[in-house]
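To start, the structure itself, in structure tokens.
Throughout, protein chains are lettered first and strands after them, A, B, ... in sequence-line order, and every chain is numbered starting at 1.
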Number of protein chains: 4
Amino acid sequence: MTPTGERVRRAALELFAERGFHGTGIRQLAEHAGLSSATLYHYMGTKEDLLVELMRASLERLVAAADDVLAHHAGATARLGALVRLHVTSHAERPLETRVVDDEVHALSPERRREVVALRDRYEGAWQQVIDQGLATGAFSVESAAVARRALLEMCSGVARWFDPAGPVALPDLADQYAVLALRLLGADARRVGGDTPPPV
Amino acid sequence: MTPTGERVRRAALELFAERGFHGTGIRQLAEHAGLSSATLYHYMGTKEDLLVELMRASLERLVAAADDVLAHHAGATARLGALVRLHVTSHAERPLETRVVDDEVHALSPERRREVVALRDRYEGAWQQVIDQGLATGAFSVESAAVARRALLEMCSGVARWFDPAGPVALPDLADQYAVLALRLLGADARRVGGDTPPPV
Amino acid sequence: MTPTGERVRRAALELFAERGFHGTGIRQLAEHAGLSSATLYHYMGTKEDLLVELMRASLERLVAAADDVLAHHAGATARLGALVRLHVTSHAERPLETRVVDDEVHALSPERRREVVALRDRYEGAWQQVIDQGLATGAFSVESAAVARRALLEMCSGVARWFDPAGPVALPDLADQYAVLALRLLGADARRVGGDTPPPV
Amino acid sequence: MTPTGERVRRAALELFAERGFHGTGIRQLAEHAGLSSATLYHYMGTKEDLLVELMRASLERLVAAADDVLAHHAGATARLGALVRLHVTSHAERPLETRVVDDEVHALSPERRREVVALRDRYEGAWQQVIDQGLATGAFSVESAAVARRALLEMCSGVARWFDPAGPVALPDLADQYAVLALRLLGADARRVGGDTPPPV
DNA sequence: AATGAATGAGAATTCATTCAT
DNA sequence: AATGAATGAATTCTCATTCAT
């Protein structure tokens, strides 16, 4: 990716996140990137192509990281805690791209949407799998795994809307807090975040 | 409100929720309402006026209901459970208007946004107040009340995005499940939803 | 003319004079008259009909007054002075309708324009006739009667653009001043305003 | 200024002068300029911007020329004659732009109007100054300098409405005639156009 | 690599006018 | 006499995109 191409993507990220895809014009994009609108088309396909690229990049990173979590942790509690930390950290550190992914799916044409939703489903599948595992082992206890998954994801994604790195809560702390909240929500013993082994008697 | 005016608002609700404010054109709106685009303007001010009306109506209803909850329940646990049931039920029963309120604030001009955000803040203030109460009485235990409030609201709002009244979970059940999840998240003893009195020894 | 009809014409006069015919909307007209735009059409034909009525009324009054001047004065100097006083007084007392007549002819369709221009030409014909008379008798001396006529009319019409009845100059004084200016311009002896008889030796 | 930009301004001049600002649509403008209405916006800001540009260009030229007159002539009679010739010549040679300046000020928004009126006032200030000078030296004699200034300007501006370069009167002749009329109107000895020195006894 | 020029389609909104009540 | 409802056509202006240079 050329530096200019990177600038274009950065500008798109900022504007799509702030005003939405339909609320952002090509000319605003060009101005924000410091280019003419014609030059913009050297570095992108259509406006929708650009959106898809941003979403795909963000989701692919997330999917890979989730796979990594599964590869490096075994127990449901540890895995879930790691997933929460990953998700919260991602959304706090990259609020622009996560908001675009979370909020602009409706702007995609059906074909493109399918592609993006498939990626998102892969990512959420990891969560589902861990929750199912925890329920099977008795580590978690919730009525509906699907409801819990959705509740957890929405709750953690919200961080992208308000986290302020200059604010009172440091990001690692926040990620830990969310891990505790999540495990409580799942009916897990939050003290046993490190693994699924029983607590000392 | 005339029946035609009602039709206009209904059409706006459906399209704004599905495609977003900027993704919805006046002509689509008119067609969806079964009117010419000129006639539309008999029943609304600007497109933004229409959006604000929808948002205000939804938020005012929610604020009034939250005030009602506070008026009819005393303990933090009971209040929190009632707020969760209110929020979840509202979002499940009126997914269109709640999604518009939750997703389209960014489309408002600064002046209009202030007005809407003030209403939303009033509503969220009720949640904050109840969480603070629970922390003071020892009914809840979380590190940060603000983090918990945000986590809870995001988690409950998500219902508007996926709840299907024809699906496997009945709405009252769902509301109960969410109340349990919420109280767990807050570190409350979820069995004691009815009050803040200590459990039997 | 009904009182309401009069109100409509008054409103049209004020708005056409201030914003011009094309700059005035039917709805503004209705609001200014205190009626609904549909009711307006009870008291008028089309918007252009309304404009033509206003113009015709104004011009017919002026034409009649000019005929009257010719009927009651004989000498070119007396007649010219009287025409100037008539024109200046009309434009100062009825600035709205005179400005509409002077400025909005271009807004008329060709057919309507012919009608209005014919009236205006009749009025200006009186001026032309008097100037010709003065040149024939030697009372006036200008190179071109047509140039003088135009210069005089433009000069006197301007009064409608700035005369303030509450200002420092009283209208009769102003009319006299203009008569003096006009006769000077025509090379007449302005002291002999009362008639064409030679001054006392 | 690009040639196309020049074409746009020319088209605007012709249509604004003929039909007025509000009577001229963007599409008519585009068609008249031989462009699509979207392309038009490559060469202008808003329609009002275009109007202001035309007015400003015209008035700035006139102001500069008036300053030049004052710089090159000393006596009130000579100056006034030169101002009249300048004004008449300008209005005869550039009837479109002068009519737009004279007739469309009312179409400007308050802010833009202030700017244009300030320029116009500067120009008229030159006339006022010369008339005051002539009154002070005794070269002119009128009751009110302000009335005379207005009468003169209106009278001379009218030329833009009827002068025909193919007509019977040549422009230099016309300008001279107007200078004579103007000086007569001011009570000056029109034979002494060249200066303020007394005539030979 | 970069851009000024160009445009058909579409944006939101207002237009003058009609008509049933 | 009065008006709310209705609309096709028009308004000004912006859209995303292409292309010759």
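- Atom-to-atom, CG of L51(B) to P of dA12(E) comes out at 13 Å; the value is rounded to the nearest Å.
- Remark: the H106(C) side chain and the D103(D) side chain contain no N/O donor-acceptor pair separated by less than 3.5 Å.
- With distances taken from any side-chain atom of S36(D) to the nucleotides dG8(E), dA16(F), dA2(E), the minimum falls on dG8(E).
- At whole-Å resolution of the value, CD in Q28(B) and C1' in dT13(E) are 16 Å apart.
- Minimum atom distance to the side chain of K47(B) is reached by dT13(E), of the listed dT13(E), dT17(F), dC13(F).
- E31(C) places none of its side-chain heavy atoms less than 4.5 Å from the side chain of L40(C).
- With sequence neighbours left out, D121(B) forms a salt bridge (Lys or Arg N to Asp or Glu O under 4.0 Å) with no residue at all.
- In this structure, H42(C) reaches the dA1(F) phosphate: one of its side-chain N or O atoms is under 4.0 Å from OP1 or OP2.
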Contact list (N/O, under 3.5 angstrom) for nucleotides 19-21 of chain E vs protein:
none

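- To the nearest angstrom, P of dT18(E) lies 10 Å from CD1 of I26(C).
- Panel note: side chain T24(C), backbone L15(C); a donor-acceptor pair is recorded below 3.5 Å.
- Here Y41(A) lies in heavy-atom contact (under 4.0 Å) with a base.
- Backbone-only contact: T24(A) has heavy atoms under 4.0 Å from sugar-phosphate atoms and none from a base.
- In this structure, L119(D) and E115(D) have side chains that are not in contact, with every pair of non-hydrogen atoms separated by 4.5 Å or more.
- Comparing atom distances between the R27(C) side chain and each of dT3(E), dT17(E), dA1(F) picks out dT17(E) as nearest.
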Only Watson-Crick and G-U wobble pairs with both distances less than 3.5 Å should count. Give DNA chain F in dot-bracket notation, marking inter-strand partners with |.
.||||||||||||||||||||

